[in-house]
Amino acid sequence: MKITVISVGKIKDRYLQLGIDEFKKRLSRFCKLELIEVKDEPLIEKASEKDLEIVRQKEGELILNKLSANTHVIAMDINGQRLSSEQFAHKMKAIGTYGQSHITFIIGGSVGIADQIKQRADIKMSFSEMTFPHQLFKLMLLEQVYRAFKINANETYHK
């Protein structure tokens, strides 16, 4: 299986990069992992809703340009479906079983995810109603993907 994570912005904190590197290493036995970062758009101070929408739109176009045509897209969206780790593992297994060997996760920038990405997504998923920094969220997502593979392999990491 191939897993791609497309995210907005670069990882700036060393501790986050170390965690991401650790999960890249752990995931290498389960899948081919590709991490793609697109440029985050500058945001003016006291931006209007129209300004925020323009930023989302520009970042969305950059993301769409990186998407493969034959991938199952899961957009991380605060209003998306919430799953337990076990449900998430089952969903990943089901996607792989029914013909899609490539899953792409999309993490938007600090102002959220563009409507065109939500429309392209096969699934919109949320970890919580809480807001997380998008750089930290990348690490959290990789951990949950790793957990899903461990669950599906009947290994004990997840408990």
Side-chain angles (χ1 to χ4, degrees), residues 1-40 59-114 116-159:
M1 178 171 272
K2 180 177 180 183
I3 302 289
T4 300
V5 178
I6 303 174
S7 59
V8 175
K10 298 234 179 259
I11 299 297
K12 297 175 180 118
D13 294 315
R14 183 167 155 36
Y15 77 97
L16 291 173
Q17 190 59 57
L18 288 171
I20 289 167
D21 290 344
E22 176 62 26
F23 282 103
K24 281 169 48 178
K25 185 172 72 176
R26 291 182 188 191
L27 281 163
S28 67
R29 75 177 254 235
F30 294 108
C31 66
K32 180 178 186 242
L33 179 65
E34 179 182 28
L35 302 177
I36 299 172
E37 295 175 338
V38 299
K39 179 182 167 294
D40 52 346
E59 291 174 348
E61 289 170 12
L62 293 173
I63 291 168
L64 285 174
N65 288 335
K66 300 291 183 182
L67 270 178
S68 302
N70 60 340
T71 187
H72 191 90
V73 176
I74 300 177
M76 306 310 299
D77 178 28
I78 197 164
N79 296 314
Q81 180 182 14
R82 286 183 200 68
L83 303 172
S84 69
S85 293
E86 289 81 6
Q87 290 169 324
F88 178 57
H90 178 72
K91 185 156 300 272
M92 283 187 55
K93 187 175 186 177
I95 292 167
T97 301
Y98 296 106
Q100 282 287 6
S101 61
H102 184 193
I103 299 174
T104 299
F105 293 92
I106 299 176
I107 303 170
S110 60
V111 297
I113 197 162
Q116 69 259 45
I117 299 299
K118 293 177 189 179
Q119 291 168 2
R120 169 59 180 89
D122 297 293
I123 300 170
K124 290 179 278 307
M125 194 170 85
S126 173
F127 278 9
S128 169
E129 289 183 24
M130 293 181 174
T131 302
F132 300 104
H134 56 283
Q135 294 181 7
L136 174 61
F137 191 81
K138 185 187 233 177
L139 174 59
M140 294 168 56
L141 175 62
L142 291 177
E143 190 280 334
Q144 285 297 304
V145 169
Y146 176 70
R147 184 179 297 268
F149 278 113
K150 294 287 277 187
I151 290 168
N152 287 335
N154 293 317
E155 296 179 13
T156 58
Y157 170 80
H158 73 289
K159 298 222 176 188

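From a predicted model like this one, the values you see are computed outputs, not experimental measurements.
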- Query: Is it the case that more than 12 heavy atoms not belonging to K25 sit under 6.0 Å from its NZ atom?
  - Reply: no

- Note on the structure: Rounded to the nearest 0.5 angstrom, the CD1-CD1 distance for I113 and I78 is 12.0 Å

- Are any side-chain N or O atoms of N152 and backbone N or O atoms of A89, one a donor and one an acceptor, separated by less than 3.5 Å? yes

- Message: I'd like to check M92 versus I3 (side-chain heavy atoms, cut-off strictly below 4.5 Å). Are they in contact?
- Response: yes

- Message: Are the side chains of I117 and L64 in contact, using a 4.5 Å heavy-atom criterion?
- Response: yes

- CD1-CD1 distance between I11 and I20, expressed to the nearest 0.5 angstrom: 3.5 Å

- Mind checking whether I103 and M1 have side chains closer than 4.5 Å, heavy atoms only? yes

- Query: Between Q17 and D21, does a side-chain hydrogen bond (donor to acceptor under 3.5 Å, both in side chains) hold up when you go through it step by step?
  - Reply: CA-CA 6 Å; Q17 190 59 57; D21 290 344; 2.9 Å; yes

- Message: Using side-chain heavy atoms (C-beta onward) and a distance below 4.5 Å, is L142 in contact with L33?
- Response: yes

- Note on the structure: With E37 as partner, the option from K66, K10, K12 fulfilling salt bridge (Lys or Arg N to Asp or Glu O under 4.0 Å) is K10

- Query: Looking at side-chain heavy atoms only, is the closest gap between K91 and Q81 below 4.5 Å?
  - Reply: yes

- Query: When you look at V5 and V145, which way does the side chain to side chain contact (heavy atoms under 4.5 Å, CB included) test go after all the steps?
  - Reply: CA-CA 11 Å; V5 178; V145 169; over 6 Å; no

- Any chance NZ of K118 has more than 12 other-residue heavy atoms, nucleotides or ligands included, within less than 6.0 Å? yes

- Salt-bridge test for R29 and E155: reply yes if a basic N is under 4.0 Å from a carboxylate O, no otherwise. yes

- Distance-only, no hydrogens or angles: does the T71 side chain make a donor-acceptor pair with backbone N or O of H102 under 3.5 Å? yes

- Rounding to 0.5 Å, atoms NE2 (H134) and CD1 (I107) come to a distance of 9.0 Å

- Do the non-hydrogen side-chain atoms of N79 and K124 ever get within less than 4.5 Å of each other? no

- Please determine which of F105, F132, F137 meets the ring pair (Phe, Tyr, Trp, His ring centres under 6.0 Å) test together with F127. F137

- Taking all non-hydrogen atoms of both residues into account, name the closest pair between S68 and R120 and its distance. O-NH2, 3.5 Å

- Query: For M76 and M140, what are the C-alpha separation, side-chain angles and deciding distance, and is it a side chain to side chain contact (heavy atoms under 4.5 Å, CB included)?
  - Reply: CA-CA 12 Å; M76 306 310 299; M140 294 168 56; over 6 Å; no

- Got a second to check how far I151's CD1 is from K93's NZ, nearest 0.5 Å? 11.0 Å

- Interatomic distance, CG@L35 vs CG@L141, rounded to 0.5 Å, equals 9.5 Å

- Does the pair Q116 and E61 meet the rule for a side chain to side chain contact (heavy atoms under 4.5 Å, CB included), with working shown? CA-CA 8 Å; Q116 69 259 45; E61 289 170 12; 3.8 Å; yes

- Given T104 and E34, is the side chain to side chain contact (heavy atoms under 4.5 Å, CB included) satisfied, shown in steps? CA-CA 9 Å; T104 299; E34 179 182 28; over 6 Å; no

